[in-house]
Amino acid sequence: MTAARPAVAEAKRIVVKVGSSSISGANTGQIAPLVDALAAAHARGVEVILVSSGAIATGMPYLHLDARPNDLATQQAAAAVGQNLLMVRYQDSLDRYGLTAAQVLLTAGDLEHSTPRSNAQRAIDRLLGLRILPIVNENDTVATHEIRFGDNDRLAALVAELVGADLLVLLSDVDALYTRPPHEPGAERIDEVAADDELERVEIGEAGAAGVGTGGAATKVASAKLAARQGTPVVLTSTANVRRALDGDAVGTWFHASSLD
Ligand code: GLU
């Protein structure tokens, strides 16, 4: 493979993060092409970990909800219903490749305390050794507003650190980071972000209030910077570009990692 980004071609362990709006509701059909891309990376020997949101969004129709609930108990109930269905949908799609998914639900506290942290690390390592695809989400039924990761973009950066990932691929609805919200005049696409770039030139808009997820450009940039500081380079691009991102094509925005030595 001649990749525009050799670091992608060389990556042995990759964390991919996908958000609720990309894989639920009208976009449920995007699960199959996402799985196609993950299976292709897996087939060339890469260890892939998927961080997937979408439990609440997938559960909403079963609770007869048209919009994301605001209260914690209903969010937890929707997540409990939706997480199960989300895993069924991933497994159905993975069956096409004879691959097996494993559900890994974590809380912020699990990653902060050494015993649950090393338990999670050991279990994920074992799953990867068994060539199983770990699918990580926040353990929503026990997470409260106070102790949440904040959003799954942050969870993805923390998981990348936990597993010592060589690459983090953050997927969103937008193909790259822009200097201002991409629909605004004058917005310029950013191809690369240096490790010491604090992105002061970037104006980030509000996350869409009507969305089913919680993140937006701000949480993606914060997560990308966190992972890059920890030594993991990041590609930020759209879910539609996942295949090309994993093939090492120069899609989206590349966040250079800080060198840790
Ligand atoms: N864990 C939540 C879910 O799966 C979403 C968190 C987020 O949107 O970042 O629905």
Side-chain angles (χ1 to χ4, degrees), residues 15-28 30-31 34-35 49-91 93 101-111 120 133-162 168-174 204-227 234 236-239:
V15 174
V16 177
K17 189 267 167 178
V18 68
S20 305
S21 61
S22 296
I23 43 104
S24 66
N27 287 332
T28 305
Q30 288 207 98
I31 289 180
L34 169 65
V35 164
I49 297 120
L50 178 65
V51 175
S52 178
S53 307
I56 295 173
T58 302
M60 277 167 30
Y62 296 86
L63 274 64
H64 310 290
L65 299 168
D66 301 326
R68 187 182 163 97
N70 292 321
D71 71 291
L72 183 63
T74 313
Q75 287 174 1
Q76 290 172 324
V81 171
Q83 179 63 32
N84 169 45
L85 282 151
L86 192 57
M87 289 305 293
V88 168
R89 288 179 188 168
Y90 278 122
Q91 186 57 59
S93 198
Q103 170 177 267
V104 177
L105 299 179
L106 298 171
T107 63
D110 292 335
L111 294 188
L133 174 74
I135 301 184
V136 181
N137 195 357
E138 181 157 14
N139 191 352
D140 288 315
T141 48
V142 296
T144 62
H145 289 306
E146 292 71 34
I147 59 156
R148 291 190 81 97
F149 286 108
D151 55 79
N152 274 9
D153 294 321
R154 183 171 151 74
L155 171 62
L158 298 176
V159 168
E161 188 204 10
L162 181 77
L168 170 62
V169 178
L170 285 176
L171 301 174
S172 87
D173 303 337
V174 184
I204 289 175
E206 299 284 309
V212 286
T214 56
T219 61
K220 297 220 163 34
V221 168
S223 162
K225 293 296 293 172
L226 175 60
V234 180
L236 173 59
T237 193
S238 62
T239 305

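Residue numbers run from 1 in the order of the sequence given. Just so it is clear, the structure is predicted and the values come from calculations on it, not from any experiment. Every number for a ligand or one of its atoms is a count from 1 in the order of the listing.
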What do the steps show when you test Gln30 against Val18 for side chain to side chain contact (heavy atoms under 4.5 Å, CB included), and what is the final call? CA-CA 10 Å; Gln30 288 207 98; Val18 68; over 6 Å; no
Applying side chain to side chain contact (heavy atoms under 4.5 Å, CB included), run through Ile56 and Arg68 and close with a yes or a no. CA-CA 7 Å; Ile56 295 173; Arg68 187 182 163 97; 3.5 Å; yes
Under the criterion side chain to side chain contact (heavy atoms under 4.5 Å, CB included), I'd like the reasoning laid out for Asp173 against Ser21: C-alpha separation, chi angles, the key distance, then a yes or no. CA-CA 8 Å; Asp173 303 337; Ser21 61; 3.3 Å; yes
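Residue Asn152 places at least one N or O, backbone or side chain, under 3.5 Å from an N or O of ligand 1. Polar contact check, Ala57 against ligand 1: no nitrogen or oxygen pair lies under 3.5 Å apart.
Using a 4.0 Å cut-off to heavy atoms of Asp151, the atoms of ligand 1 that qualify are 9 (O). Below 4.0 Å from some heavy atom of Ile56 lie the following atoms of ligand 1, by number and element: 3 (C), 10 (O). Within ligand 1, counting atoms from 1 as listed, the ones closer than 4.0 Å to a heavy atom of Ala55 are 3 (C), 4 (O), 10 (O). Close contacts of ligand 1 with Asn137, meaning ligand atoms under 4.0 Å from a residue heavy atom, involve 1 (N), 3 (C), 4 (O).
Side-chain contact check for Leu106 versus Val159: some heavy-atom pair is nearer than 4.5 Å.
Looking at residues two or more places apart in sequence or on another chain, you find a side chain to side chain contact (heavy atoms under 4.5 Å, CB included) between Val81 and Tyr62, Leu63, Leu85. For Ser238, the side chain to side chain contact (heavy atoms under 4.5 Å, CB included) partners two or more places apart in sequence, or in a different chain, are Asp175, Ala240, Asn241.
With a heavy-atom cut-off of 4.0 Å, Asp140 touches ligand 1 through its side chain alone.
Residue contacts with ligand 1 do not include Ala79, since none of its heavy atoms lies under 4.0 Å from the ligand.
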